[in-house]
Amino acid sequence: DTEVTQTPKHLVMGMTNKKSLKCEQHMGHRAMYWYKQKAKKPPELMFVYSYEKLSINESVPSRFSPECPNSSLLNLHLHALQPEDSALYLCASTWVGTGELFFGEGSRLTVL
Amino acid sequence: AQSVSQHNHHVILSEAASLELGCNYSYGGTVNLFWYVQYPGQHLQLLLKYFSGDPLVKGIKGFEAEFIKSKFSFNLRKPSVQWSDTAEYFCAVLNNAGNMLTFGGGTRLMVKP
């Protein structure tokens, strides 16, 4: 299994909603990532988990809350988002230190 | 902090033309460089990577890249493009700790049949 699976593929939410994005991989990777990608822009790093511990938080607003319940799962909890948070949210994973990221197809989020 | 820049934002080629996409990095230490491709509607995929050794790196689908330290460059090449190469191409650099990949601005390639 060489896939990173993200759900849902599409999400529409209001600014007062609470929702979560989920990511799963079964490649034995111990580093997992959340990236945000706006249209026609490169992916921007949000969070990095190494061995289930948050190792990098790129000054992301607290309305985004990551969680890594175990080595295969990564969640991104969303609360009180703004319309400008609408984007494609990409999950990725890798073996620690290699940099060869495996990406999921992303969750396309629209905030109304 | 490490960074990469891609100067070509949009490239349009005809099939069978040769391709070279520019990537320059600005980091003085050990560099680990990557090219990723994002086909329309698909996830990012690794094309090739450079860690050390032979500066000419061969990747998937006939792509190659050359690491030229004196020019701080890691340009992507393909001798003859196909319509199916239409995609967005991202150069990326890995930090020293090996846990953070930073992407360049991307180059959108369109290949006309």
Side-chain angles (χ1 to χ4, degrees), chain A residues 2-7 9-10 21 23-25 27 29-60 66 68 74 87-108, chain B residues 1-11 21 23 25 27 29-52 57 59-60 65 67 74 86-110:
Chain A
T2 58
E3 286 188 350
V4 176
T5 304
Q6 290 187 243
T7 56
K9 292 194 186 318
H10 299 274
L21 305 181
C23 174
E24 188 169 1
Q25 58 85 18
M27 293 178 276
H29 295 165
R30 300 302 295 276
M32 296 187 76
Y33 301 72
W34 281 114
Y35 279 85
K36 173 182 177 180
Q37 187 177 24
K38 302 280 268 184
K40 300 183 181 181
K41 296 290 186 183
E44 295 177 4
L45 183 65
M46 299 176 72
F47 302 105
V48 181
Y49 274 83
S50 293
Y51 300 104
E52 296 86 70
K53 287 186 174 14
L54 184 64
S55 60
I56 295 177
N57 175 341
E58 287 289 281
S59 303
V60 179
C68 190
L74 185 67
L88 182 68
Y89 288 84
L90 297 167
C91 176
S93 68
T94 187
W95 295 279
V96 175
T98 68
E100 183 177 341
L101 271 59
F102 290 74
F103 282 87
E105 293 191 358
S107 292
R108 187 163 298 282
Chain B
Q2 69 281 5
S3 67
V4 286
S5 59
Q6 296 177 243
H7 304 296
N8 314 106
H9 299 295
H10 292 92
V11 173
L21 302 182
C23 172
Y25 64 92
Y27 182 60
T30 302
V31 284
N32 298 312
L33 294 159
F34 304 77
W35 275 98
Y36 278 82
V37 61
Q38 191 170 30
Y39 297 103
Q42 295 189 27
H43 62 278
L44 279 155
Q45 300 172 46
L46 180 69
L47 272 179
L48 48 80
K49 60 184 177 183
Y50 172 78
F51 271 49
S52 63
V57 180
I60 61 171
F67 173 68
F74 188 58
T86 294
E88 183 127 28
Y89 292 81
F90 294 99
C91 184
V93 64
L94 185 68
N95 67 343
N96 257 357
N99 63 356
M100 185 167 161
L101 197 64
T102 303
F103 289 87
T107 299
R108 190 170 293 265
L109 171 67
M110 180 183 293

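All of these numbers come straight from a predicted model, not from anything done at the bench.
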* **Exceeds 12 heavy-atom contacts within 6.0 angstrom, atom CZ of Arg30(A)** =>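 Enclosed.
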Separation between [atom1] of [X] and [atom2] of [Y], rounded to the nearest 0.5 Å:
{"X": "Leu46(B)", "Y": "Phe102(A)", "atom1": "CG", "atom2": "CZ", "result": "7.5 Å"}
{"X": "Leu101(A)", "Y": "Tyr36(B)", "atom1": "CG", "atom2": "OH", "result": "4.5 Å"}
{"X": "Leu45(A)", "Y": "Asn95(B)", "atom1": "CG", "atom2": "CG", "result": "9.5 Å"}
{"X": "Asn99(B)", "Y": "Ile56(A)", "atom1": "CG", "atom2": "CD1", "result": "4.0 Å"}
{"X": "Lys40(A)", "Y": "His10(B)", "atom1": "NZ", "atom2": "NE2", "result": "6.0 Å"}

* To do: List the atom of Pro42(A), the atom of Phe103(B), and the distance in Å for their closest heavy-atom pair.
  =>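 Result for this residue pair: CB-CB, 4.0 Å.
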* List the atom of Gly98(B), the atom of Tyr33(A), and the distance in Å for their closest heavy-atom pair. =>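 So the minimum-distance heavy-atom pair works out to O-OH, 4.4 Å.
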* Measure distances from Gln38(B) to the heavy atoms of chain A and classify the residue's part below 4.5 Å as side chain, backbone, both or neither. => side chain
* Between Glu58(A), Glu100(A), Gln6(A), Glu44(A), which has the largest tally of heavy atom pairs under 4.5 Å with chain B? ->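 Among Glu58(A), Glu100(A), Gln6(A), Glu44(A), the one with the most close pairs to chain B is Glu100(A).
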* Tell me, out of Thr102(B), Asn32(B), Leu101(B), who's got the most heavy-atom pairs with chain A below 4.5 Å. =>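 Highest number of heavy-atom pairs under 4.5 Å: Leu101(B).
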